[in-house]
There are 2 protein chains.
Amino acid sequence: MFKENNLSKNQQIIFDLINKSSEPLKAYTILFNVQKKGIKAPPQVYRALDKLVETGKIHKIESKNAFVACRNSNCEISKATAFSICESCEMVDEISDAKLTKYLSSFNDKKGTKYKRFNLEFFGLCKKCK
Amino acid sequence: MFKENNLSKNQQIIFDLINKSSEPLKAYTILFNVQKKGIKAPPQVYRALDKLVETGKIHKIESKNAFVACRNSNCEISKATAFSICESCEMVDEISDAKLTKYLSSFNDKKGTKYKRFNLEFFGLCKKCK
DNA sequence: TTACATAATGTTATATTATAACAATTTTAA
DNA sequence: TTAAAATTGTTATAATATAACATTATGTAA
Ligand SMILES: [Zn+2]
Ligand SMILES: [Zn+2]
Ligand SMILES: [Zn+2]
Ligand SMILES: [Zn+2]
């Protein structure tokens, strides 16, 4: 028997929901929306979210406690993430900018420390809200 | 009567606590530590934190839901923040790097959008933990 | 196939983080 | 002095997240 993909049942349900959403989804919004599919309790949601974040299928927008599907094949399992966040309409876009990624991935602080991972959140007004 | 500074009583108590801490403090840790000074309830803490963030005296480390005092006179009232976060010992340092700030403050995404503000969190191992 | 390990699930309860709502007091500035 | 704005105090509750434990499903190697 072949596996069609690497996601479990709950992970797939929750990924599908996030992936088709045009905006970041919060854990309890997700819970509410998947209850008809048999996912009834917070730990089921948080466990799936943890795994999806870990494998880079989704990202957490830390400033919003919300989750978006990865739209950037280049973010290397969430080691280099950057987002554009509208302060008016809540819209979030993942930024795919090779130069930016390269600049930050190779950043050394004054002590010469290199980092394994970064997360960058830009705030402003999106095109629509400007 | 002259004002010594621009912080109210509760704001000053909470700022002093955060400012003398070597690590990020969480809201309920703060609450516990200031109860002997008469600050008894969460809203008092969160209101002071909100104001201190707003005025740039402290920053919120979004990935940790914790607060640190600003160590960078150049972060321009929290419009341009960058942190180094140790994944092992929880240590957080504010990064003061004029080139980095300049690079990110002038960043344009592919649609030409410029942003008002950014927050960058680097993750890795600090000197001690490496 | 069996049998063991690992991963995923289901479930209840609880911990942690944050805000709503409203009353009272203090500070500021016209 | 007085009215607006800011701050404080207080109770209750909302929103976010995890602990703990039992069960089931899946992968893998003898
Ligand atoms: Zn991504
Ligand atoms: Zn917008
Ligand atoms: Zn700062
Ligand atoms: Zn460390």
Side-chain angles (χ1 to χ4, degrees), chain A residues 1-18 21 23-68 77 90 92 119 121, chain B residues 1-18 21 23-68 85 90 92 119 121:
Chain A
M1 185 59 175
F2 297 111
K3 280 179 58 181
E4 290 160 33
N5 58 56
N6 53 348
L7 297 183
S8 73
K9 179 168 136 286
N10 287 1
Q11 289 160 22
Q12 188 69 59
I13 290 168
I14 287 174
F15 176 72
D16 288 346
L17 183 70
I18 295 171
S21 171
E23 54 182 21
L25 295 180
K26 296 184 156 247
Y28 277 74
T29 303
I30 293 167
L31 176 57
F32 177 82
N33 279 282
V34 297
Q35 281 182 329
K36 51 184 160 305
K37 305 223 171 187
I39 297 175
K40 290 177 192 148
Q44 296 174 289
V45 172
Y46 280 101
R47 282 190 297 227
L49 290 172
D50 286 349
K51 189 56 86 169
L52 291 167
V53 166
E54 203 179 300
T55 57
K57 303 279 289 178
I58 66 172
H59 303 302
K60 182 173 187 180
I61 307 301
E62 295 287 358
S63 60
K64 299 173 88 66
N65 297 318
F67 299 84
V68 296
I77 313 188
E90 314 280 288
V92 171
N119 180 54
E121 299 184 358
Chain B
M1 185 63 174
F2 296 112
K3 278 179 59 181
E4 289 160 33
N5 57 57
N6 52 351
L7 298 183
S8 73
K9 179 168 137 284
N10 287 1
Q11 289 160 21
Q12 188 69 59
I13 289 168
I14 287 174
F15 175 72
D16 288 344
L17 183 70
I18 295 171
S21 172
E23 55 182 21
L25 295 180
K26 296 183 155 247
Y28 277 75
T29 303
I30 293 166
L31 175 57
F32 177 82
N33 279 282
V34 298
Q35 281 182 329
K36 51 182 159 307
K37 305 224 174 188
I39 296 174
K40 290 177 191 147
Q44 297 174 289
V45 172
Y46 281 100
R47 284 189 297 225
L49 289 172
D50 286 350
K51 189 55 85 169
L52 291 166
V53 166
E54 204 180 300
T55 56
K57 304 279 289 180
I58 66 172
H59 303 302
K60 182 173 187 180
I61 306 301
E62 295 287 358
S63 60
K64 299 173 87 67
N65 297 317
F67 299 84
V68 295
I85 301 172
E90 314 281 288
V92 171
N119 180 54
E121 298 184 358

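Quick note: numbers below take in every heavy atom, side chains included, and nothing from hydrogens, waters or symmetry partners. Numbered from 1 within each chain, the chains take letters A, B, ... in sequence-line order.
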Between Ile14(A) and Phe67(A), is a side chain to side chain contact (heavy atoms under 4.5 Å, CB included) present by the stated rule, with each step listed?
CA-CA 11 Å; Ile14(A) 287 174; Phe67(A) 299 84; over 6 Å; no
Quick one: do Val68(A) and Ile61(A) satisfy side chain to side chain contact (heavy atoms under 4.5 Å, CB included)? Show the steps, please.
CA-CA 7 Å; Val68(A) 296; Ile61(A) 307 301; 4.0 Å; yes
Under the criterion side chain to side chain donor-acceptor pair (under 3.5 Å), I'd like the reasoning laid out for Asn119(A) against Glu121(A): C-alpha separation, chi angles, the key distance, then a yes or no.
CA-CA 7 Å; Asn119(A) 180 54; Glu121(A) 299 184 358; 3.3 Å; yes
Checking Thr55(A) against Ile77(A) for the side chain to side chain contact (heavy atoms under 4.5 Å, CB included) test, could you report, in this order, the C-alpha distance in whole Å, the side-chain angles of both residues, the deciding distance, and whether it holds?
CA-CA 6 Å; Thr55(A) 57; Ile77(A) 313 188; 5.7 Å; no
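Rounded to 10°, the angle separating the first-five-pair axis and the last-five-pair axis of the helix from dT1(C)-dA30(D) to dA30(C)-dT1(D) equals 40°.
Between the CG atom of Leu49(A) and the P atom of dT18(D) there is a distance of 10 Å, rounded to whole Å. Atom-to-atom, CG of Asn6(B) to P of dT27(C) comes out at 15 Å; the value is rounded to the nearest Å. Counting to the nearest Å, the P atom of dA8(C) and the CG atom of Leu7(A) are 10 Å from each other. Following rounding to the nearest Å, Leu31(A) (CG) and dA14(D) (P) show an atom-to-atom distance of 16 Å. Rounded to whole angstrom, the span from the CG atom of Asp50(A) across to the P atom of dT9(C) amounts to 13 Å.
Near DNA chain C, defined here as any heavy-atom distance below 4.0 Å, the residues from residues 32-44 of chain A are Lys40(A), Ala41(A), Pro43(A), Gln44(A), listed numerically. Contact check of residues 59-66 of chain B against DNA chain C (heavy atom, cut-off under 4.0 Å) returns Lys60(B), Asn65(B).
Counting all heavy atoms, side chain and backbone alike, Val92(A) lies closest to Pro24(A) at CG2-CG, 3.5 Å. Of all the heavy atoms in Phe15(B) and Ile58(B), the pair that sits closest is CD1-CG2, 3.9 Å. The two residues Ile18(B) and Leu25(B) make their nearest non-hydrogen contact at CA-CD1, 3.9 Å. Here the closest non-hydrogen pair linking Ala27(B) and Val45(B) is O-CG1, 3.7 Å.
Applying the side-chain hydrogen bond (donor to acceptor under 3.5 Å, both in side chains) test to Glu62(B) and every residue at least two apart in sequence or in another chain returns nothing. Lys26(B) pairs by the side chain to side chain contact (heavy atoms under 4.5 Å, CB included) definition with Thr29(B), Asn65(B), Ala66(B), not counting sequence neighbours. The salt bridge (charged side-chain N to carboxylate O under 4.0 Å, His left out) search around Glu23(A) returns none, not counting sequence neighbours. In this structure, the salt bridge (charged side-chain N to carboxylate O under 4.0 Å, His left out) partners of Lys64(B), at least two apart in sequence or on a different chain, are Glu90(B). Partners of Gln11(A) according to the side-chain hydrogen bond (donor to acceptor under 3.5 Å, both in side chains) rule, which considers only residues two or more places apart in sequence or in another chain, are Ser8(A).
A sub-4.0 Å separation between OP1 or OP2 of dT8(D) and a side-chain N or O of Ser8(B) is present. Side-chain N/O atoms of Tyr46(B) include none lying less than 4.0 angstrom from OP1 or OP2 on dT19(C). Lys26(A) has no side-chain polar atom (N or O) that falls below the 4.0 Å cut-off from OP1 or OP2 of dA15(D). Between Asn10(B) and dA6(D) there is no side-chain N or O to OP1 or OP2 distance below 4.0 Å.
Legend: salt bridge (Lys or Arg N to Asp or Glu O under 4.0 Å) pairs involving residues 31-51 of chain A, not counting sequence neighbours, sorted by first then second residue: Lys51(A)-Glu54(A). Screening residues 29-66 of chain B for ring-ring contact (aromatic ring centres under 6.0 Å, His included), with sequence neighbours left out, gives His59(B)-Phe83(B).
Judged by distance alone, with hydrogens and angles left aside, Tyr28(B) brings no side-chain donor or acceptor close enough to the base of dA15(C) to form a pair under 3.5 Å.
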Could you pull out the protein-nucleic contacts involving nucleotides 4-7 of chain C (nitrogen or oxygen on both sides, under 3.5 Å)?
none

Could you go over nucleotides 21-25 of chain D and give all protein N or O partners under 3.5 Å, atom names and distances?
none

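With no hydrogens or angles considered, no side-chain donor-acceptor pair links Gln12(A) and Asn10(A) at under 3.5 Å.
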